[in-house]
Amino acid sequence: MKEKVQKIIESKFGRMCDKYCNSVWYIITMGIVCVFAHSLNLPVLGTFLLTVLLVPALLFCDNSFVLVPFMLICSFVLSEEKHPQTGYFNTPFFITVLVLCLVIAVAALVFNIVYYKKWKTMFKRAYFSVSFAALTAALLLAGVGAPTWTFSGFGIALSIIATMFFPYALLVNCGKYEGQKTVEYFAYAVLVAAAAVAAGFFKQFVVHDFDMNLWTVKDYLKLGYVGPNTGAAIITLAIPMTFYLVCAKKRGYLWLIAVAVELLFVVLSFSRASLVVAVPGVIIVSTVLCFKKKTERKGYWISYGIAVAIAVVLCIVFRDVLIGQLKILFEGNVTGSGRTVLWKDGFEAWKSYPIAGVGFWYLRTTGHWYFSFHCTPLTYLYCAGVLGLLAYLYHRFMTVRAVFGAKLTKERVFVALTMLAMLCNALLDIAMTSATHLMYYSVMLALIDLDLNFVKTSAVRRDGPVVATDDMDRTEEKTDNNSASDNTINQDGEQNEL
């Protein structure tokens, strides 16, 4: 039986599926399915088509990174008109289709883990294992002893843990990291996700005759799977990865057009949390690259100069509209959206239960629509107490340590910038408690971990044995996963250094 399965996987069809799933066309196909399903209000059909695309990746691909596009955009098939609360999915036919898709996907995942023997390595100790263990303990204890502790809040804590840890464990221990190729694959997945969100936003602009009144836009930019703030946050994450393509690709300066489009949609979303990250971020990174970019400088300088000139002209021509909207948008600073009130209420509740916090269901008991305090450190402090905040800060320290744990590569730098954009956005929003965003976060953690190990493994191969440190525990274990010839690794190491 095993020989027959192996014969099918190694057949011409199997190799074609493997090649396709590892290509940018696979990611684009998933994006098209999401836009199609969302635009036509056909989420069940979209779920079925995504399952059809996912199964070959699980059956024929050993590299777990082919699951990244599905992780990042699977929820995008939902629409505002047909989201779960509408009762649309309650018909026997739709329930049957969804259950069938789930059974097929789970069966294919089990096959992937068993056949490719990933179960042997999936939960091996990795760089972030200890900090994840600390987070897990703190989140599971969140709210213990407080009257607002509920099993629903405990379930939320479990979902946060699982969404952060499982993709990381799968990728860091079972993914084949190939430097630039792998990070480009992630970059394209993030760009396609941002494009899907932008397409949904554009559709809403068209339907509402491009009504750019601030509060009207906030009301109609609801797509079902994201609202204006969460959608803008995803587009913001695409900006650093687009800059990565500016640096990594031949004639990469042409990708500045994509950066401009992404920034435009962030501005049109009127999302404050994303604006305060995206606008200064684009200015800083694009300016730094004027001095740091080593190849195709002339083309980059010309593109950058044209972009700056267009931005200045637009700001001058539409200065009255721009100033007026900004005054409305930032009126009262962050208090305009009730964040300060939320933080004060959380602080008053937390004072009575400072050690383990009030639990993740506290805000729901007060009639709030979500369980996050719209600020990651405060959410961990109020919901999981001092234990939660300390665990989060330790995890944050380990992240910074991983980024600077070896000679910087452009892969690690731009993934780290993407994570920084997400974390800064999460200081004023829900990103670090949203399942969709946590998938992005988990994948980025795995990429940083793998790139750190990749560089250290390259150093060992170039310079010979070195004294092992705690950061190099998995150097020997990952040698096979980072399979490439010594010359290829050396070459990549030189090309990727900043």
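In this text, all values refer to a predicted model and were calculated from it rather than measured experimentally.
Remark: side-chain polar atoms of N213 are paired, donor with acceptor, to backbone N or O of W215 under 3.5 angstrom. Of the possible polar contacts, one joining the K218 side chain to the F270 backbone as a donor-acceptor pair under 3.5 Å is found. Of the possible polar contacts, one joining the R15 side chain to the E10 backbone as a donor-acceptor pair under 3.5 Å is found. Looking at R412, its side chain does come within 3.5 Å of a backbone N or O of A406 through a donor-acceptor pair. Using modelled atom types, one side-chain atom of S286 and one backbone atom of I283 make a donor-acceptor pair closer than 3.5 Å. In this structure, S64 contributes its side chain and L171 its backbone to no donor-acceptor pair below 3.5 Å. With S434 contributing its side chain and I430 its backbone, the two residues share no donor-acceptor pair below 3.5 Å. With hydrogens and angles disregarded, no donor-acceptor distance shorter than 3.5 Å links the side chain of K82 to the backbone of P43.
For the atom pair CG (L447) and CZ (F414), the distance works out to 14.5 Å, reported to the nearest 0.5 Å. In this structure, the separation between CE on M398 and CG on L445 is 11.0 Å, given to the nearest 0.5 Å. In this structure, I104 CD1 and L58 CG are separated by 11.5 Å, a value rounded to the nearest 0.5 Å. Interatomic distance, OH of Y441 versus CG of L237, reported as 13.0 Å (0.5 Å rounding). Considering OG of S269 and CZ of F205, their distance stands at 7.5 Å, rounded to 0.5 Å. We find the CD1-CD1 distance between I27 and I73 to be 8.5 Å, quoted to the nearest 0.5 Å.
No side-chain donor from either of N425 and T236 sits under 3.5 Å from a side-chain acceptor of the other. Between T418 and Y244, the side chains place no donor N or O within less than 3.5 Å of an acceptor N or O (distance only, hydrogens not considered). Remark: the N453 side chain and the Y177 side chain contain no N/O donor-acceptor pair separated by less than 3.5 Å. There is no side-chain donor-acceptor pair under 3.5 Å between N173 and K118.
No side-chain heavy atom of T436 sits under 4.5 Å from any side-chain heavy atom of V226. Residues F243 and L256 form a side-chain contact, since some pair of their non-hydrogen atoms from C-beta on lies under 4.5 Å apart. The shortest distance between side-chain heavy atoms of V282 and V259 falls below 4.5 Å. Taking the side chain as every heavy atom from C-beta outward, T47 and V97 never approach each other to under 4.5 Å. Looking only at side-chain heavy atoms (C-beta outward), H374 and N229 stay at 4.5 Å or farther from each other. Side-chain contact between Y253 and I302: absent, with no pair of heavy atoms (C-beta onward) separated by less than 4.5 Å. Using a 4.5 Å heavy-atom threshold, the side chains of H208 and T216 count as separate. Here the side chains of L135 and S131 are not in contact, with every heavy-atom distance at 4.5 Å or above.
Closest heavy-atom contact between C61 and N112: O-ND2, 3.1 Å. What you find for M241 and A187 is that their closest heavy atoms are CE-CB, 3.8 Å.
Taking the six-membered ring where the residue is Trp, Y115 and F111 present parallel rings, their angle staying beneath 30° rather than reaching 60°. By the 30° and 60° cut-offs, the orientation of the rings of W255 relative to Y188 is tilted. Using cut-offs of 30° and 60° on the angle between ring planes, the pair Y300 and Y304 is parallel. Ring planes of F94 and Y88: tilted class, angle from 30 to 60°. A tilted orientation is assigned to the rings of F201 and F265, their planes being inclined by 30° to 60°. Between Y225 and F76, the ring-plane angle classifies as parallel under the 30° and 60° cut-offs.
Note: F65 and Y185 fail the aromatic proximity criterion, with ring centroids not under 6.0 Å apart.
For R251, the CZ atom counts as loosely surrounded, since its 6.0 Å shell holds 12 or fewer non-hydrogen atoms of other residues, nucleotides or ligands. Counting non-hydrogen atoms of other residues, nucleotides and ligands closer than 6.0 Å to CZ of F48 gives a total of 12 or fewer. Atom NZ of K203 sits in a crowded spot, with more than 12 heavy atoms from other residues, nucleotides or ligands closer than 6.0 Å. The number of heavy-atom neighbours closer than 6.0 Å to OH of Y370, taken from other residues, nucleotides and ligands shown, is above 12.
The side chain to side chain donor-acceptor pair (under 3.5 Å) test with K176 singles out one residue from D62, T182, N63, and that residue is D62.
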